[in-house]
Amino acid sequence: MAAYDFTAPRLYVEADLGAGARLPLDRAQANYLLTVLRRSPEDPVLVFNGRHGEWRGRLDPTGRKSADLLLEAQTRPQPDRADLHYLFAPLKSARLDYLAQKAVEMGAGTIRPVFTRYTQGERINAERLRANTIEAAEQCGILAIPDLPEAARLRAALADLEPDRLLVFCDEDAAVADPVAALRGAADPASPPPLAVLVGPEGGFAPEERDLIVGRPNTVALSLGPRILRADTAAVAVMALVQAILGDAR
């Protein structure tokens with residue numbers, strides 16, 4: 001990322017990308033570049049689609065409020081999607097937007113809503129969730145859009161995890177006072193296993209749910225400290241810990 005271009009706008013597109021390709025921009029994208037940012041034809045624009053890496057293009061206005069993008073060269077190859085699963089109990093809309101964006105920024109490769117007894121709501125706007133992940137990727141230079149499996153009940157979501165995937169369970173009642181020591185004791189930082197993180201609703205987990213989670217092999221329960229955190233704050237805190245001790249930030 002040292003040579004990353006922070007000045008050029010970045011757009012996610014669905015189309016295939018390649019040298020010389022012409023991409024018609026939709027009305028919102030054209031308005032954003034031409035009217036909001038006032039980009040001119042000589043100004044570079046970066047695009048990605050989650051499959052073909054990142055490409056630099058130039059605007060070719062086709063009308064007062066419309067334009068195509070002419071692709072010139074690839075600036076970065078396509079990386080693999082991060083192998084970190086983030087499982088969370090859905091929150092109210094605005095805070096769910098924040099949680100989704102931060103999970104992407106912190107390196108989640110899979111983001112899955114999980115319904116628990118005390119989940120605040122069981123309606124997930126899948127399109128809005130995806131839009132938030134794309135927006136975060138556009139803003140932070142991320143090329144691999146996270147996978148968004150369908151929401152599931154807790155038992156089913158746990159059953160879908162591979163047996164060798166270490167599940168980091170954020171448990172406010174965990175006896176372990178040192179989350180760093182808990183993570184280092186759960187896996188070898190030099191060769192960590194695939195990872196998953198589970199953050200529950202603000203009402204916490206029901207006793208039978210906690211028993212179900214800690215009864216899963218290859219699970220570590222940890223506390224995030226002496227303060228009770230909101231669920232969206234806990235998401236950022238635990239992702240930072242996991243990435244620093246066992247993930248790609250170590």
Side-chain angles (χ1 to χ4, degrees), residues 1 4 6 79 81-116 118-121 124-125 128-149 151 154 157 161 165-174 176-184 186-187 189 192 194-205 213 219-250:
M1 291 291 289
Y4 179 70
F6 286 97
R81 180 183 289 137
D83 191 18
L84 172 58
H85 291 210
Y86 182 75
L87 311 180
F88 69 97
L91 304 172
K92 295 180 180 178
S93 295
R95 293 173 56 204
L96 178 56
D97 294 346
Y98 173 88
L99 185 151
Q101 293 164 4
K102 299 312 167 186
V104 175
E105 292 178 35
M106 297 300 295
T110 296
I111 300 175
R112 188 174 199 183
V114 175
F115 297 133
T116 69
Y118 302 127
T119 297
Q120 294 177 352
I124 296 294
N125 187 328
R128 180 167 178 161
L129 181 61
R130 177 170 169 78
N132 275 289
T133 64
I134 289 174
E135 180 180 353
E138 288 177 332
Q139 294 178 352
C140 297
I142 295 167
L143 300 184
I145 302 297
D147 186 27
L148 300 174
L154 177 63
L161 296 176
R165 186 172 295 276
L166 176 65
L167 175 63
V168 179
F169 166 38
C170 296
D171 181 8
E172 64 273 14
D173 293 332
V176 178
D178 186 344
V180 173
L183 289 173
R184 287 177 174 162
L195 301 167
V197 170
L198 172 62
V199 176
E202 294 198 336
F205 290 97
I213 298 166
T219 296
V220 56
L222 53 84
S223 167
L224 295 177
R227 288 165 293 280
I228 300 298
L229 303 179
R230 287 177 24 153
D232 45 347
T233 306
V236 177
V238 69
M239 291 287 281
L241 275 170
V242 168
Q243 292 288 42
I245 305 303
L246 298 176
D248 60 15
R250 67 190 190 281

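Count residues from 1 along the sequence.
- Cys170 and Phe205 make their closest contact through O-CE1, 4.2 Å (heavy atoms, listed as atom of the first residue, atom of the second, distance).
- A distance of 4.0 Å separates CZ of Arg130 from CD1 of Ile134, quoted to the nearest 0.5 Å.
- Contact annotation: the side chain of Leu198 approaches that of Leu154 to within less than 4.5 Å [non-hydrogen atoms, C-beta and beyond].
- Taken from CG in Leu84 to CE in Met106, the straight-line distance is 9.5 Å, to the nearest 0.5 Å.
- With rounding to the nearest 0.5 angstrom, the CD atom of Gln101 is 10.0 Å from the CD1 atom of Ile111.
- Pro113 places none of its side-chain heavy atoms less than 4.5 Å from the side chain of Thr119.
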* Check step by step if side-chain contact (heavy atoms from CB on, under 4.5 Å) holds for Val197 and Met239. => CA-CA 8 Å; Val197 170; Met239 291 287 281; 4.3 Å; yes
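- In terms of heavy atoms, Gly200 sits closest to Ala89 at C-CB, 3.7 Å.
- The minimum heavy-atom distance between Ala144 and Pro79, with the atom names listed, is CB-O, 4.3 Å.
- Across all their heavy atoms, Ser223 and Pro179 have their closest contact at O-CB, 3.4 Å.
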* For Leu96 and Asn132, what are the C-alpha separation, side-chain angles and deciding distance, and is it a side-chain contact (heavy atoms from CB on, under 4.5 Å)? -> CA-CA 9 Å; Leu96 178 56; Asn132 275 289; over 6 Å; no
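- Scanning both residues, Ile245 and Pro189, for their nearest heavy atoms gives O-CB, 3.6 Å.
- The distance from the OG1 atom of Thr110 to the CG atom of Asp147 is 4.5 Å, given to the nearest 0.5 Å.
- For the 3.5 Å distance criterion, the side chains of Glu135 and Gln139 qualify, holding a donor opposite an acceptor.
- Taking all atoms of both residues into account, the shortest heavy-atom contact from Tyr86 to Ala103 is CD2-CB, 4.2 Å.
- Put simply, CZ on Phe169 and CD1 on Ile213 are 4.0 Å apart, with the number rounded to the nearest 0.5 Å.
- Side-chain atoms of Leu241 and Val180, non-hydrogen and from C-beta on, do get closer than 4.5 Å to each other.
- A distance of 5.0 Å separates OG1 in Thr133 from CG in Leu148, rounded to the nearest 0.5 Å.
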